[in-house]
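Please read the structure below before turning to the comments.
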Amino acid sequence: MQAAPVRPTRVHLRKDLSRHVRAGHPWIWADALAPSEAKTGEVVEVVGGDGKFLARGLFDARSPIAVRVATLDRDEALDAAFVRRRVEEALAARRGVIDPRETDAFRWLNGEGDFLPGVVVDLYGPVAVLRLDGDAVRAWRPCVVEAVAAVGRPLGVASVIERSRAGRAELLDGSTPGDVVEVRESGVRFAVDVLHGQKTGTFLDQRENRRAIRPFADGAEVANLFSYTGGFSVHAALAGASRVTSVDSAAAALDGARDNFALNGLDPDRHEFACADAFAWLDEARAAGRRFGLVIVDPPSFAPSEKAVGRALAAYRDLHAACLALVAPGGVIAAASCSSHVTAEAFLGALRDGAAKAGRALRVLEVRGQPGDHPTLPAFPEGRYLKMILARAR
Ligand code: SAH
């Protein structure tokens, strides 16, 4: 006989956040809840001040985010079928966003933004890379792996691996992939190290921004700071840059960048790869009187927390000023920030202040964000982390 379904533990809001939860904010902070006996990884029902059902989600007893809301539908159980539906729905939602004829590396499932909080799945050709945020969501890991393997099989997915926050890789289904998987992004070939590369292998979130810089690279001398494995650099070179200088402090990243040039029929020896601290390189390039028609600058996050925002904005200002000193008159700066704590408006302010410091006037051409395979929710600004501003300097 089948066991009767167990009714989930109920947790009670003690702050009146019902409106936010109903509007779709997927996080409930621990201090907003009355104390409860719920355990990490347990499904809980969130109950509002009026004693009525609000949401169902996963509980984490140790995280400041006590509940990650997965559904507002009281009839929706959080079981394996639920996970499978979310995985299928996220893939369907990539229609119109990813053109499979030219791109086979993209974010299949973006956690909160795809209504499966804490779960990220990135696809690199035949390899699906899973990333789980927080302990609670580990309860779903077997269902996620099963769903990704089953739904991915007809797409040619042969391996499902997990990358931990610390960077460790673990095979969860299928065959062990080689470290390096060759993928296509907007028709450009990239070798991605899915076992050791940053994030889940590379920065898929910059795909559309890499395309956006192309028209400004044609015929230009280009500098790409914090280049990693040369994503922007290869696009710039293919778009007709006379010479691309990639700057990164990690030698391995630059080796990868050289390989990516060669993979696309570009001779790396006709370009420059500088293994250096970007700030020191900027000072030297300025002293040497170098000028570029396009400077791309995409540093790691400067603001790990809300508290660090003030310092981060000052650092962005100084970085932008140093970059603008190298932009030729009429040239373009493409400045990015991946910190969710820095709003697009604040980031634009850091560009304004950098331009003032450098004594340059700017025309803002475009304020860009993250691509459609990194969807966000209207009620969840925390999910909108990526900014890129394209501006032409006088
Ligand atoms: N623009 C890249 C992603 C950049 S990730 C892309 O599109 O793929 C950030 C990179 O900055 C990493 O490769 C890291 O090695 C590099 N980095 C971090 N601090 C640095 C510094 N002080 N100087 C130069 N590079 C740095």
Side-chain angles (χ1 to χ4, degrees), residues 103 105-107 122 124 129 163 167 180-181 183-186 188-194 196-214 216-217 222-239 241 244-261 263-264 271-286 294-304 311-312 315-316 318-320 322-323 326 333-340 342 368-371 373-374 385-390:
T103 297
F106 61 91
R107 179 152 293 184
D122 285 345
Y124 293 98
V129 185
R163 291 290 302 275
V180 175
V181 180
V183 298
R184 280 173 314 119
E185 177 193 283
S186 315
V188 178
R189 298 164 77 183
F190 285 110
V192 178
D193 185 340
V194 291
H196 314 99
Q198 293 209 23
K199 295 243 206 155
T200 57
T202 189
F203 296 86
L204 294 173
D205 53 1
Q206 291 285 26
R207 181 181 49 256
E208 300 307 318
N209 293 334
R210 285 191 270 265
R211 274 217 299 212
I213 59 97
R214 289 182 69 127
F216 307 105
V222 176
N224 178 19
L225 299 163
F226 308 94
S227 66
Y228 190 47
T229 48
F232 282 101
S233 302
V234 172
H235 273 275
L238 288 173
V244 182
T245 301
S246 306
V247 183
D248 201 285
S249 54
L254 290 174
D255 289 343
R258 283 184 155 271
D259 292 346
N260 283 328
F261 271 71
L263 205 52
N264 289 281
H271 298 273
E272 189 178 330
F273 300 85
C275 186
D277 171 68
F279 302 92
W281 182 89
L282 281 164
D283 286 344
E284 275 171 39
R286 179 189 197 159
L294 172 63
V295 174
I296 301 153
V297 54
D298 177 27
S301 174
F302 286 173
R311 242 176 306 127
Y316 281 125
D318 294 347
L319 181 60
H320 295 154
C323 290
L326 300 188
I333 182 170
S337 162
C338 59
S339 168
S340 65
V342 174
R368 305 178 54 86
Q370 58 211 62
D373 58 332
H374 291 61
Y385 64 96
L386 189 65
K387 283 83 50 190
M388 176 174 262
I389 302 174
L390 294 166

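Just so you know, ligand 1 is whichever comes first in the structure, and atom 1 is the first atom listed for that ligand. The first residue of the sequence shown is numbered 1, and numbering continues consecutively from there. Quick note: numbers below take in every heavy atom, side chains included, and nothing from hydrogens, waters or symmetry partners.
- Asn264 places a side-chain N or O within 3.5 Å of a backbone atom of Arg189 that can act as its donor or acceptor partner.
- For ligand 1, the atoms closer than 4.0 angstrom to any heavy atom of Ala276 are 23 (N), 24 (C).
- Within the set Leu254, Asp277, Asp248, the minimum heavy-atom distance to atom 16 (C) of ligand 1 is found for Asp248.
- A donor-acceptor pair under 3.5 Å is absent between the side-chain atoms of Arg184 and the main chain of Val188, judged by distance alone.
- Between atom 7 (O) of ligand 1 and the options Gln206, His235, Arg210, the minimum heavy-atom separation is to Arg210.
- In this pair, Phe203 and Tyr228 present their aromatic rings perpendicular. The plane angle is above 60°, beyond the 30 to 60° band.
- Backbone and side-chain nitrogen or oxygen atoms of Phe226 are examined, and one is located within less than 3.5 angstrom of a nitrogen or oxygen of ligand 1.
- When only non-hydrogen protein atoms are considered, atom 18 (C) of ligand 1 lies nearest to Pro300 CG, 3.6 Å.
- Counting heavy atoms under 4.0 Å from ligand 1, residue Phe203 touches it through the side chain alone.
- For atom 19 (N) of ligand 1, the nearest non-hydrogen atom from the set Gly231, Ser249, Gly197 comes from Ser249.
- At a heavy-atom cutoff of 4.0 Å, ligand 1 is contacted by no atom of Trp281, backbone or side chain.
- Within the 3.5 Å criterion, the main-chain N or O of Ala303 finds a donor-acceptor partner in the side chain of Ser339.
- A donor and an acceptor atom, one from each side chain of His235 and Arg210, are nowhere located under 3.5 Å apart.
- Each of the following atoms of ligand 1 lies closer than 4.0 Å to a heavy atom of Phe232: 1 (N), 7 (O).
- When each atom of ligand 1 is checked for a heavy atom of Ala250 under 4.0 Å away, the hits are 15 (O).
- Interface atoms of ligand 1 facing Asp298, defined by a heavy-atom separation under 4.0 Å, are 1 (N), 2 (C), 3 (C), 4 (C), 7 (O).
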- Query: Run the ring pair (Phe, Tyr, Trp, His ring centres under 6.0 Å) check on Phe273 and Phe261 step by step: do they pass?
  - Reply: CA-CA 11 Å; Phe273 300 85; Phe261 271 71; 5.2 Å; yes
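- A heavy-atom distance below 4.5 Å is not found between the side chains of Asn224 and Thr245.
- Looking at Ser227 against ligand 1, only its backbone comes within 4.0 Å, counting heavy atoms.
- Near Ala278, with a cut-off below 4.0 Å to any heavy atom, the atoms of ligand 1 are 21 (C), 23 (N), 24 (C).
- Put simply, the side chain of Tyr124 gets close to the backbone of Thr202: a donor and an acceptor are under 3.5 Å apart.
- A 4.5 Å side-chain heavy-atom check between Cys323 and Leu225 finds at least one atom pair inside the cut-off.
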